[in-house]
Amino acid sequence: MAQQYTVRRARTSDVPAIQRLIEPLVQERILLGKDLVVFYEAVQEFRVAESDTGEIIGCGALHVMWQDLAEVRTLAVSRAWRGTGVGHALLDRLLEDARELGLSRVFCLTFEVPFFVRHGFADMGTETVAPEVYAELVRSPDEGVAEFLDLARVKPNTLGNTRMLKRL
Ligand SMILES: CC(=O)SCCNC(=O)CCNC(=O)[C@H](O)C(C)(C)COP(=O)(O)OP(=O)(O)OC[C@H]1O[C@@H](n2cnc3c(N)ncnc32)[C@H](O)[C@@H]1OP(=O)(O)O
């Protein structure tokens with residue numbers, strides 16, 4: 001029988017496991033590294049996938065940026081579980097969270113273009129926001145917001161990635 005897992009809201013006690021899960025991907029420059037304190041501060045944004053043996057096998061977060069806009073970030077599945085549906089299950093849950101919050105656009109910055117296309121994400125090209133919203137967003141110290149705006153200071157993060165957007 002296939003091994004089972006559940007997708008649930010993250011707990012503070014999951015934070016060390018989340019950081020361990022993404023550490024190899026940070027080394028490979030696939031995901032952005034963050035200090036432990038940043039994960040604790042963002043724990044309410046996270047969903048995790050937990051195996052029936054209690055192991056954290058995947059994680060993902062939804063970070064709100066504006067009234068209608070959020071970003072899927074830190075989506076990762078442990079190597080042993082890849083290709084078994086965990087990533088899609090986590091993304092489905094994050095998109096459900098986005099709908100519950102009343103959002104209408106979800107951004108992501110990724111190398112995994114076909115995976116996100118399956119969920120209706122598309123290359124956002126030069127699409128941006130209204131000038132008055134831009135003027136507010138540009139004040140944020142958050143790297144993800146800067147990536148959404150394609151600011152020069154985050155070009156090293158965005159290199160080779162695709163900026164994608166899904167309308168809900
Ligand atoms: C925006 C950000 O946070 S960064 C971008 C995403 N993260 C990364 O790049 C980190 C490194 N990559 C990963 O951790 C993983 O490869 C992820 C998160 C991208 C995908 O996670 P996985 O658990 O392997 O995805 P999942 O198994 O659901 O789907 C992968 C493929 O397996 C196949 N698959 C096998 N079994 C199943 C199943 N039971 N259900 C669904 N798909 C399945 C599908 O064909 C799918 O193909 P597709 O992606 O072309 O649709």
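In listed order, ligands and their atoms are each counted from 1. All values derive from a computational prediction rather than experimental measurement.
Ligand 1 places these atoms under 4.0 Å from at least one heavy atom of Thr74: 3 (O). Close contacts between ligand 1 and Ile30 involve ligand atoms 8 (C), 9 (O), 10 (C) [criterion: under 4.0 Å to a heavy atom]. Every atom of ligand 1 with a heavy atom of Arg73 under 4.0 Å away is listed here by number and element: 3 (O).
Between Val77, Leu75, Thr162, Val113, it is Leu75 that holds the heavy atom closest to atom 6 (C) of ligand 1. Among Ala61, Ala49, Gly85, the residue whose heavy atom sits closest to atom 43 (C) of ligand 1 is Gly85.
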_Set out, in order, the CA-CA distance, both residues' side-chain angles and the distance that settles side-chain contact (heavy atoms from CB on, under 4.5 Å) for Asp142 and Arg73, then state yes or no._
CA-CA 12 Å; Asp142 186 89; Arg73 51 174 65 168; 2.7 Å; yes
*Please assess Arg93 against Arg8 for the test side-chain contact (heavy atoms from CB on, under 4.5 Å), listing each intermediate value before the final yes or no.*
CA-CA 9 Å; Arg93 182 61 61 91; Arg8 60 162 174 79; 5.8 Å; no
*Please lay out, stage by stage, how Glu71 and Phe148 fare under the test side-chain contact (heavy atoms from CB on, under 4.5 Å).*
CA-CA 9 Å; Glu71 178 186 17; Phe148 172 75; over 6 Å; no
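With a 6.0 Å radius and a threshold of 12 heavy atoms from other residues, nucleotides or ligands, Arg139 has its CZ atom at or below the threshold. Crowding of Arg82 atom CZ: a count of heavy atoms from other residues, nucleotides or ligands under 6.0 Å exceeding 12.
The distance criterion of under 3.5 Å between nitrogen or oxygen atoms is not met by Thr110 with respect to ligand 1. Residue contacts with ligand 1: Leu109 is placed with no nitrogen or oxygen under 3.5 Å of a nitrogen or oxygen of the ligand (distance criterion only). In terms of polar-atom proximity, defined here as any N/O pair under 3.5 Å, Gly87 does make such a contact with ligand 1. Not a single N or O atom of Trp81, backbone or side chain, sits closer than 3.5 Å to an N or O atom of ligand 1.
Of the protein's non-hydrogen atoms, the one nearest atom 19 (C) of ligand 1 is Glu112 CG, 3.6 Å. Among protein heavy atoms, atom 36 (N) of ligand 1 sits closest to Gly83 O, 2.9 Å. The protein non-hydrogen atom at the shortest distance from atom 1 (C) of ligand 1 is Val72 O, 3.4 Å. In terms of protein heavy-atom proximity, atom 48 (P) of ligand 1 is closest to Arg118 NE, 3.2 Å. Nearest protein heavy-atom neighbour of atom 4 (S) of ligand 1: Leu31 CD2, 3.4 Å. Taking atom 29 (O) of ligand 1 as the reference point, the nearest protein heavy-atom neighbour is His88 CD2, 3.2 Å. For atom 16 (O) of ligand 1, the closest non-hydrogen atom of the protein is Arg82 CD, 3.3 Å. From the protein, the heavy atom lying nearest to atom 20 (C) of ligand 1 is Phe115 CE1, 3.7 Å.
There is a protein heavy atom closer than 4.0 angstrom to atom 11 (C) of ligand 1. Atom 38 (C) of ligand 1 is approached by the protein to below 4.0 angstrom, counting heavy atoms only.
Rounded to the nearest 0.5 Å, atoms CG (Asp14) and CD1 (Ile56) are 4.0 Å apart. Annotation: the span from Leu62 atom CG to Leu90 atom CG amounts to 12.5 Å, rounded to 0.5 Å.
Looking at Phe115 and Leu91, their side chains come closer than 4.5 Å, going by heavy atoms from C-beta outward.
Side chain to side chain, Gln27 and Glu23 meet the donor-acceptor criterion of an N or O pair below 3.5 Å.
One hydrophobic cluster, built from ILVMFWY side chains closer than 4.5 Å, holds both Val133 and Met124.
By the 4.0 Å N-to-carboxylate-O rule, Glu127 lies close enough to Arg105 to be salt-bridged with it. For Arg79 and Glu28, the salt-bridge test passes: some basic side-chain N is under 4.0 Å from an acidic carboxylate O.
At a heavy-atom distance under 4.0 Å, only side-chain atoms of Leu25, from C-beta outward, approach ligand 1.
Ligand 1 lies within reach of Ala76, whose nearest heavy atom is under 4.0 Å from it.
Paired with Val64 under the rule side chain to side chain contact (heavy atoms under 4.5 Å, CB included), one option of Asp97, Leu103, Leu69 passes, and it is Leu103.
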